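Just so we're clear, the structure is a prediction, and the values are computed from it rather than from any experiment. Below, read A as the first sequence line, B as the second, and so on, with proteins coming before strands; counting in each chain starts at 1.
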There are 2 protein chains.
Amino acid sequence: MKKRPYTCGLDAALDVMGGKWKALILWDLQDGPCRFGELRRSVQGISERVLILQLRELQASGLVHRESYHEVPPKVEYSLTDFGRSLMASLVPLGEWGEANMRRITDASLERDRPAP
Amino acid sequence: MKKRPYTCGLDAALDVMGGKWKALILWDLQDGPCRFGELRRSVQGISERVLILQLRELQASGLVHRESYHEVPPKVEYSLTDFGRSLMASLVPLGEWGEANMRRITDASLERDRPAP
DNA sequence: AGACTCACGAACAAAAATGTCAGTACCCGA
DNA sequence: TCGGGTACTGACATTTTTGTTCGTGAGTCT
């Protein structure tokens, strides 16, 4: 049951960069092309499998480009496309909001997990 | 396994407004206070249970305020807090990006679901 | 020789998110 | 008295997302 006819721009945008990892991956790619292994290390906590899945989806959305130099040992570089960079640009205010309110967000999320004293 | 020490502002922001429904709910609340039933109708496709869960989380994050007028029949109004409005403000560029690129996003997402011809 | 790197892929398992359905207590209009 | 609206709650089921484990095959390091 896909919901393609999005109800608003936010909806569409989140479909493409929402989820647990995509923003982190894109964030790391901002500093320039990254190899698979580099990403796995910098996006700490992600499993190899999930990283691949997310990268594939980001490629399919046109946000990320994959360049494979077929050497030995294998070398693959992921980078932001122009489209991806345009996304990141419009994510700047949100990132700043999160940065500015991180304390508050953290506290609220801690409270949510605590039952009752 | 909660990941509270967020790695960047984006991460924190998405923790609070990510997911399938939260953005839609916030979006609708922008036009002023809404009763539960109104929300259920305007956020079409959402089930009552999930709507409540999402609203509770948005409350816990301090983005949404719940006002209960204990009348008969019951009346409850949900509205954005100042904090919620500040979020929405920094979401404007993302919403515009999604709006501007909706066609492209839709197409890419259609392709993802199609196997191979 | 043995261990490691690289970028994955497949099979499977667990966890998280979302959905379905029924029911609550009250009142109103037909 | 029947059906509808009000704002929920709880048990349960399904779907989606994320995670674990093992294996590939050529090459380098020790």
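- In this structure, B:Leu24 and A:Cys8 approach most closely via the heavy-atom pair CD1-SG, 4.2 Å.
- Side-chain N/O atoms of B:Gln54 include one lying less than 4.0 angstrom from OP1 or OP2 on C:dT18.
- Ring geometry for B:Phe83 versus A:Trp97: interplanar angle under 30°, hence parallel rather than tilted (30 to 60°).
- Atom CD in B:Glu38 sits roughly 9 Å away from atom P in D:dT6 (whole-Å rounding).
- Heavy-atom nearest nucleotides on DNA chain D were determined for B:Arg35 and for A:Leu53, and the one closer to the 5' end corresponds to B:Arg35.
- In this structure, B:Tyr78 reaches the sugar-phosphate backbone alone: every heavy-atom distance under 4.0 Å involves primed, P, OP1 or OP2 atoms, never a base.
- In this entry the distance linking CD of A:Glu71 with P of C:dC8 reads 13 Å, nearest Å.
- Using a cutoff of 4.0 Å between basic side-chain nitrogens and carboxylate oxygens, B:Asp82 and B:Arg85 are scored as salt-bridged.
- Distance B:Ile52 CD1 to C:dG23 C1': 13 Å, rounded to the nearest Å.
- Summarising the geometry, atom CZ belonging to A:Arg40 is positioned 13.0 Å from atom CD1 belonging to A:Ile25; distances are rounded to the nearest 0.5 Å.
- Of all non-hydrogen atoms in B:Leu14 and A:Leu14, the two that sit nearest each other are CD2-CD2, 3.9 Å.
- Counting non-hydrogen atoms under 4.0 angstrom, A:Glu77 reaches nothing in the nucleic acid.
- Each of A:Glu48 and B:Pro74 was assigned the nucleotide of DNA chain C with the nearest heavy atom; the assignment lying further toward the 5' end belongs to A:Glu48.
- Here the closest non-hydrogen pair linking B:Gln59 and B:Tyr78 is NE2-CE2, 3.9 Å.
- Residue whose closest nucleotide on DNA chain D sits further toward the 5' end, between A:Pro73 and A:Ser47: A:Ser47.
- With sequence neighbours left out, the side-chain hydrogen bond (donor to acceptor under 3.5 Å, both in side chains) criterion links A:Glu77 to A:Tyr69.
- In this entry the distance linking CD1 of A:Ile46 with P of D:dG19 reads 7 Å, nearest Å.
- Residue B:Arg49 places no side-chain N or O under 4.0 Å from the OP1 or OP2 atom of D:dT14.
- Comparing atom distances between the B:Val50 side chain and each of C:dT18, D:dT20, D:dT6 picks out C:dT18 as nearest.
- Summarising the geometry of A:Met17 relative to A:Lys22, their closest heavy-atom pair is O-CB, 3.7 Å, with the distance given to 0.1 Å.
- Atom CG of A:Leu39 and atom C1' of C:dA7 are 12 Å apart (whole Å).
- Here the P atom of nucleotide C:dC6 and the OH atom of A:Tyr69 are 16 Å apart, to the nearest Å.
- Note that the two end axes of the helix from C:dA1-D:dT30 to C:dA30-D:dT1 enclose an angle of 10°, each drawn from 5 base pairs, rounded to 10 degrees.
- At D:dA7, none of the side-chain N or O atoms of B:Arg56 fall inside 4.0 Å of OP1 or OP2 (strictly under the cut-off).
- The shortest distance between the side-chain N/O atoms of A:Lys20 and the OP1/OP2 oxygens of D:dG19 is below 4.0 Å.
- For the pair B:Trp21 CH2 and C:dA16 C1', the computed distance is 17 Å after rounding to whole Å.
- The CZ-C1' distance, from A:Arg40 to C:dG9, rounds to 15 Å in whole Å.
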